Student: 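Pasting in a structure now, in structure tokens, and then I'll have a few things to ask.
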There are 2 protein chains.
Amino acid sequence: MTTPSTGRVRMSPESRREQLLDLGTRLLATRTLDEVSIELLAEEAGISRGLLYHYFGNKQEFHAAVVRRAVEDIYAITAPRGIEDPLEQLAVSLGAYVDYVKENYTGYVSLIRAAAGGNEELRAIYQQARRALTDRIFEIAGAEQLAELGVVDSAATRLLVDGWAALVENVVVAWVEDPAGLSRDELLQRLALVLPAIVTR
Amino acid sequence: MTTPSTGRVRMSPESRREQLLDLGTRLLATRTLDEVSIELLAEEAGISRGLLYHYFGNKQEFHAAVVRRAVEDIYAITAPRGIEDPLEQLAVSLGAYVDYVKENYTGYVSLIRAAAGGNEELRAIYQQARRALTDRIFEIAGAEQLAELGVVDSAATRLLVDGWAALVENVVVAWVEDPAGLSRDELLQRLALVLPAIVTR
DNA sequence: AGCCGCTGTTGAACAGACGTCAATAGCGTT
DNA sequence: AACGCTATTGACGTCTGTTCAACAGCGGCT
């Protein structure tokens, strides 16, 4: 018998890192980000605290890595299929987003709260993700079609689009908790129509 | 000589509480809410840590008290003057809000981040404050005038108005940092027009 | 004036979590 | 079967939140 030995398990750095990030995002679904302590994570993963500091320099970096991972998931999952009409495309993109929020509600809410309340790095990560999501919408719509609608890409437009993203986020999260008599389609229609309303002069 | 004695100072509970809350909000302007530690506050106030636990049960309650105080300030300061035209009134109310954010930028940003990222109590306090601010706008406009514009008070309307509040908050904060070529009046116009756009069917 | 009691206030002690680092032990190589 | 690389540990130091019994300012009472 080759000594079943103590619990020490040696893994490749890649899979270990992966495991820890996975566990981190899973734990995030149940609690606040700063309740995802090094202590808890180490215990849950069956490793020593020290090992976490080997992979992620400190708590903040670990949290940043978890958020980055979660954000990438959202971006990938909500990737839109190609559709002709811009406004319909917008509604479809929003639909994918709404569905994602519905599926991963607790985790998603935890994420946005962590990002909003966190340090500069966390906020930057989230802000960038929001940008990527809205940029994708604009890319698909196409500059010419947007120009037809009276929308031009400018700093002011960016400002307002970011605001629209905040509105969408807020409304969707609240809607999932309490639809307030609105069907999914009605919700999507409303949200989609607001974008031109705010951005067109 | 009656012994100049040690630094121990005895105050009435009211003034002591007041002092600590004032100090707390002042410290919040320079740092994150959870950087406003019991340690720092005690040192800054020239008292022992223990005394804070006498006035506020624990860190979270203290933070909640600080946020509550800050939020009341905002509500009071942005109180609108009576104006006839609803849309103009709205713009004026927004103007007061924008000015407040400009004046107290770091403190305000600290506040909303704390509220967004904090525990349930903090979020509830902030959510309620937002409600109060938007409710005030609606009260002033008057139910009849709103009905003329096609706006009825319903759960769905509430949902969307809350979203609009999030948009406003987001846009105003970003605008203060970088106006993106928009004048104060242009900003107010845009924001005011978005409300009927989102809320009217 | 001097004692007394109420209570605002302190400081020591404990707990829990972050971060460091030299020592330890898997596992592939020879 | 010994060796070396490196993933992993565990003990230690520190910082901050929290508790609690003891202390002291201050007004009232004799």
Side-chain angles (χ1 to χ4, degrees), chain A residues 1-24 27-28 30-67 114 117-119 121-122, chain B residues 1-24 27-28 30-67 114 117-119 121-122:
Chain A
M1 210 181 287
T2 61
T3 59
S5 77
T6 57
R8 183 180 283 212
V9 179
R10 191 191 176 98
M11 296 175 63
S12 76
E14 303 79 44
S15 32
R16 180 64 87 185
R17 214 186 133 86
E18 204 65 12
Q19 175 209 2
L20 296 177
L21 281 179
D22 276 357
L23 181 55
L27 290 180
L28 182 59
T30 328
R31 62 213 90 213
T32 304
L33 183 61
D34 61 36
E35 284 170 355
V36 181
S37 61
I38 302 289
E39 190 103 10
L40 173 66
L41 201 108
E43 189 178 343
E44 210 69 24
I47 60 171
S48 68
R49 275 163 309 190
L51 192 57
L52 253 116
Y53 289 91
H54 178 69
Y55 283 99
F56 310 91
N58 55 41
K59 200 192 182 185
Q60 297 197 343
E61 277 187 40
F62 175 65
H63 283 170
V66 168
V67 168
N119 60 27
E121 186 174 7
L122 287 189
Chain B
M1 212 180 288
T2 61
T3 59
S5 80
T6 57
R8 183 179 282 212
V9 179
R10 190 190 176 99
M11 295 175 61
S12 77
E14 303 80 43
S15 33
R16 179 66 86 189
R17 215 185 132 87
E18 203 65 12
Q19 175 208 4
L20 296 177
L21 281 179
D22 276 356
L23 181 56
L27 290 180
L28 182 59
T30 328
R31 63 213 86 216
T32 305
L33 183 62
D34 61 37
E35 282 169 358
V36 181
S37 62
I38 301 289
E39 189 105 10
L40 174 65
L41 201 106
E43 190 178 341
E44 210 68 26
I47 60 169
S48 69
R49 275 166 300 182
L51 191 56
L52 253 115
Y53 288 90
H54 177 69
Y55 283 99
F56 310 91
N58 56 39
K59 201 192 184 186
Q60 298 197 342
E61 277 187 39
F62 175 65
H63 282 170
V66 169
V67 168
N119 60 28
E121 186 174 7
L122 287 189

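What you see is a predicted model; the values in this text were computed from it and never measured. Within every chain, numbering begins at 1; the chains are lettered A, B, ... in the order of the sequence lines, protein sequences first and strands thereafter.
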Student: Does any N or O donor sit under 3.5 Å from an N or O acceptor when you compare the side chain of B:R10 with the base of C:dT7?
Tutor: yes
Student: Under 4.0 Å between any heavy atoms, over every strand shown, what does B:I38 touch: base, sugar-phosphate, or nothing? Just pick one.
Tutor: sugar-phosphate
Student: Between D:dT9, C:dT10, C:dG19, which one does the side chain of A:R49 approach most closely?
Tutor: C:dG19
Student: Mind checking B:Y55 for me? I need base, sugar-phosphate or nothing, with any heavy atom below 4.0 Å counting as a touch.
Tutor: sugar-phosphate
Student: Can you name the salt bridge (Lys or Arg N to Asp or Glu O under 4.0 Å) partners of B:E61, sequence neighbours left out?
Tutor: none
Student: Could you pull out the closest heavy-atom pair between B:A114 and B:L122, with the gap in Å?
Tutor: O-CD1, 3.9 Å
Student: How is A:S37 classified with respect to the nucleic acid when contacts are heavy atoms under 4.0 Å: base, sugar-phosphate, or nothing?
Tutor: sugar-phosphate
Student: Would you mind reading off the distance between B:M11 atom CE and C:dG8 atom P, rounded to a whole angstrom?
Tutor: 12 Å
Student: Mapping A:L51 and B:D34 onto DNA chain D by nearest heavy atom, which one lands closer to the 5' end?
Tutor: A:L51
Student: Rounded to whole Å, please give me the gap between OH in B:Y53 and P in C:dG11.
Tutor: 16 Å
Student: Locate the shortest heavy-atom distance separating B:H63 from B:D34; write the atom from each residue and the value.
Tutor: CE1-CA, 4.0 Å
Student: Whole angstrom is fine here: how far is it from CG in B:L20 over to C1' in C:dT9?
Tutor: 12 Å
Student: Taking side chain as C-beta onward, heavy atoms only, is B:L20 less than 4.5 Å from B:I47?
Tutor: yes
Student: For a quick test of reading the model, state the closest non-hydrogen atom pair linking B:A65 to B:F56 and the distance between them.
Tutor: CB-CE2, 3.8 Å
Student: Measure CZ/B:F56 against C1'/D:dG17 and give the value in whole Å, please.
Tutor: 16 Å
Student: Heavy atoms within less than 4.0 Å of DNA chain D: which residues of residues 58-66 of chain A have one? Give them sorted by number.
Tutor: none
Student: With the side chain of A:E39 defined as its heavy atoms from C-beta on, choose the nearest nucleotide among D:dT8, C:dT9, C:dC18.
Tutor: C:dC18
Student: To the nearest angstrom, how far is B:E43 atom CD from D:dC15 atom P?
Tutor: 13 Å
Student: Please give, in whole Å, the distance from D:dC15 P to B:E35 CD?
Tutor: 17 Å
Student: Given atom NE2 of B:H54 and atom C1' of D:dC23, what is their separation to the nearest angstrom?
Tutor: 14 Å
Student: Calculate the interatomic distance between B:I47 atom CD1 and C:dT10 atom C1'; express it in whole Å.
Tutor: 10 Å
Student: Looking only at N and O atoms, is any donor in the side chain of A:R8 or the base of C:dT24 less than 3.5 Å from an acceptor on the other one?
Tutor: yes
Student: Determine yes or no for a side-chain-to-main-chain donor-acceptor pair under 3.5 angstrom, with B:T32 supplying the side chain and B:E35 the backbone.
Tutor: no
Student: So, for A:V36 and A:K59, which heavy atoms are closest and what is the spacing to 0.1 Å?
Tutor: O-CE, 4.5 Å
